[in-house]
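Scroll down for the structure; my scribbles are underneath it.
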2 protein chains.
Amino acid sequence: MEPTRQPIRVLVVDDHPMMRDGICASIERQDDLVVVGEASDGQEGLALFRELRPDVTLMDIQMPVLGGIEALETIRAERPDAVVLILTTYPGDAQAHRALQAGAAGYLLKSCLRKDLIDTIRAVHARRRVISPDVAQELALHAPQERLSDREVAVLRLVADGQSNKQIAWALQLSLETVKSHLKTIFEKLAVDDRTHAVTVATRRGYLS
Amino acid sequence: MEPTRQPIRVLVVDDHPMMRDGICASIERQDDLVVVGEASDGQEGLALFRELRPDVTLMDIQMPVLGGIEALETIRAERPDAVVLILTTYPGDAQAHRALQAGAAGYLLKSCLRKDLIDTIRAVHARRRVISPDVAQELALHAPQERLSDREVAVLRLVADGQSNKQIAWALQLSLETVKSHLKTIFEKLAVDDRTHAVTVATRRGYLS
DNA sequence: GCTTGGCTCACCCGAATGAGGGATCGCACC
DNA sequence: GGTGCGATCCCTCATTCGGGTGAGCCAAGC
């Protein structure tokens, strides 16, 4: 038997069964790619990754039990050479930034064409880093100093819940002035000038949720 | 040739190619179902519907060019007996309400199992109305009087964009008092007590976007 | 050692917000 | 013809918000 080139072994992690079907169908159609496992949340994905050692892991972000970013971070901490391709619905640059920071090999939108997905799998397997044009644009658009700190996100979360500055101060055990100070920085970073707009922009960019 | 029962002819409208693949694969696996067409936005979907007259139309909501709800409304206006099954990602009760109002035969979440989808297609074809449990719960939870009027949604949209009441008044050619009055009723309907929370709740419920 | 950046807090102040009261008009529904 | 409801407008008033300005602490990095 002629030892042809080994196929790229892919693990697919997504909580939507039908989306998983679609992805797997696209992959299986290629003879240099093979799906070795499917998982429906980050926890399962992590377990299967450890067991199967796939060449490439396709990972959704929004999943129950354990999110894709968390799973990615764990995987990369365990095996810094792991190739994980994030495949998600929205181009929120905050999550993309975090994913890339955690060593994602790529960040692709689910709205991409089948061909894009296939090409990207091959590319990341060849150790190239691939980012969706839309996401790349977002990332380029928003300078890194616009990244919100953990504390700022915490404040903004409470703002989104309709809490007043006073309530937030109480909830986070802070001075009212500190809360206002955080809000001020948040406004600057997001280039808005009121709390409501801050929440919508932050949501769109992927800081909340 | 034995005239077996005619298969149910299905039209699939979704802008994600891979999701479409997954859906179609699930459908084609059944021998009493057949995919007769695929479209990637509401406009295409509408055209294919007119051309193919499918027994059941699967329709996503969030699509470019023409949204699923608008396409649904047009279809139902043309042919009141059309069977359209909304298949979407989020359980926002406002959109569900609008879809059902427009005569959707069903409202299913994409996170459902393959079997659920198949069963639901057969059910709506048999003129039964099917609603995802999660969505049904949302709908039951929120009384009809909590539905926001068009004007209120218009105001809330501007609020979400960070506009002040004064700016909103100017934008909509209203008195400042009117804007405040609308906001007041919005707060009551959504059971919140400030604009920011109103925006987050309305977003989650599917009024904005 | 020094700088940077995140987190913390303080005071002043004008403008906006949200809570109370009202009111009128039109329109659909019964 | 009445009743309800959405949309429009008006007034007052306490509270809150956001801008401006300034400052101290501390951990990480150069």
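Quick caveat: nothing in here was measured; it's all calculated off a predicted structure. Lettering of chains follows the sequences in order, A, B, ..., and the numbering in each one begins at 1.
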Salt bridge [X]-[Y], side-chain N to carboxylate O under 4.0 Å:
{"X": "B/Asp60", "Y": "B/Arg20", "result": "no"}
{"X": "A/Arg195", "Y": "B/Asp194", "result": "no"}
{"X": "A/Asp161", "Y": "A/Arg157", "result": "no"}
{"X": "B/Glu70", "Y": "B/Arg98", "result": "yes"}

Mind calculating the distance between [atom1] ([X]) and [atom2] ([N]) to the nearest angstrom?
{"X": "B/Arg195", "N": "D/dT16", "atom1": "CZ", "atom2": "P", "answer": "16 Å"}
{"X": "A/Leu148", "N": "C/dG6", "atom1": "CG", "atom2": "P", "answer": "10 Å"}
{"X": "A/Asp194", "N": "C/dA16", "atom1": "CG", "atom2": "C1'", "answer": "10 Å"}
{"X": "B/Leu176", "N": "D/dT8", "atom1": "CG", "atom2": "C1'", "answer": "13 Å"}
{"X": "A/Asp150", "N": "C/dT8", "atom1": "CG", "atom2": "C1'", "answer": "16 Å"}
{"X": "B/Leu183", "N": "D/dG6", "atom1": "CG", "atom2": "P", "answer": "16 Å"}
{"X": "A/Ile186", "N": "D/dG18", "atom1": "CD1", "atom2": "P", "answer": "11 Å"}
{"X": "B/Gln173", "N": "D/dC9", "atom1": "CD", "atom2": "C1'", "answer": "15 Å"}

Would you say a side-chain N or O of [X] is under 4.0 Å from OP1 or OP2 of [N]?
{"X": "B/Thr178", "N": "D/dC9", "value": "yes"}
{"X": "B/Arg151", "N": "D/dT8", "value": "yes"}
{"X": "B/Asn165", "N": "C/dA16", "value": "no"}
{"X": "B/Ser175", "N": "D/dC10", "value": "yes"}
{"X": "B/Lys166", "N": "C/dA15", "value": "no"}

Fill in: Residue that, paired with A/Tyr207, satisfies side-chain contact (heavy atoms from CB on, under 4.5 Å) out of A/Ile186, A/Val201, A/Leu190
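Option passing the side-chain contact (heavy atoms from CB on, under 4.5 Å) with A/Tyr207: A/Leu190.
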Worksheet item: Would you say B/Thr178's side chain and B/Leu174's backbone share a donor-acceptor pair under 3.5 angstrom?
Response: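 Absent.
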Discussion item. Main chain of A/His97, side chain of A/Arg147: is a donor-acceptor contact present, judged purely on distance under 3.5 Å?
Written reply: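 Answer holds: no.
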Which one, [options], comes nearest to the side chain of [X]?
{"X": "B/Asp193", "options": "C/dA19, C/dG18, D/dG19", "value": "C/dA19"}
{"X": "A/Leu174", "options": "D/dG18, D/dT16, C/dT8", "value": "C/dT8"}
{"X": "A/His182", "options": "C/dA16, C/dC7, D/dG6", "value": "C/dC7"}

Practice prompt. Please give the angle, rounded to 10 degrees, between the axes at the start and the end of the helix from C/dG1-D/dC30 to C/dC30-D/dG1, where five pairs define each axis.
Written response: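 Axis angle across the helix from C/dG1-D/dC30 to C/dC30-D/dG1, nearest 10°: 60°.
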Item to complete: Compute whether any side-chain donor of one residue and acceptor of the other, for A/Ser149 and A/Glu152, lie under 3.5 angstrom apart.
Response: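 A/Ser149 vs A/Glu152: donor-acceptor pair found between side chains.
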Around atom [atom1] of [X], are there more than 12 heavy atoms of other residues, nucleotides or ligands at under 6.0 Å?
{"X": "B/Glu78", "atom1": "CD", "value": "yes"}
{"X": "B/Asp150", "atom1": "CG", "value": "no"}
{"X": "B/Arg129", "atom1": "CZ", "value": "yes"}

Every protein N/O lying under 3.5 Å from an N/O of nucleotides 11-13 of chain D:
| residue | atom | partner | partner atom | Å |
| --- | --- | --- | --- | --- |
| D/dC11 | N4 | B/Glu177 | OE1 | 3.2 |

Practice prompt. Quick one: pull up OG1 in B/Thr88 and CE in B/Met63 and give me the separation to the nearest 0.5 Å.
Written response: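 Answer for the OG1-CE pair, B/Thr88 versus B/Met63, is 9.5 Å.
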Would you tabulate the nitrogen or oxygen pairs shorter than 3.5 Å linking the protein to nucleotides 21-28 of chain D?
| residue | atom | partner | partner atom | Å |
| --- | --- | --- | --- | --- |
| D/dT21 | O4 | A/Lys184 | NZ | 2.9 |

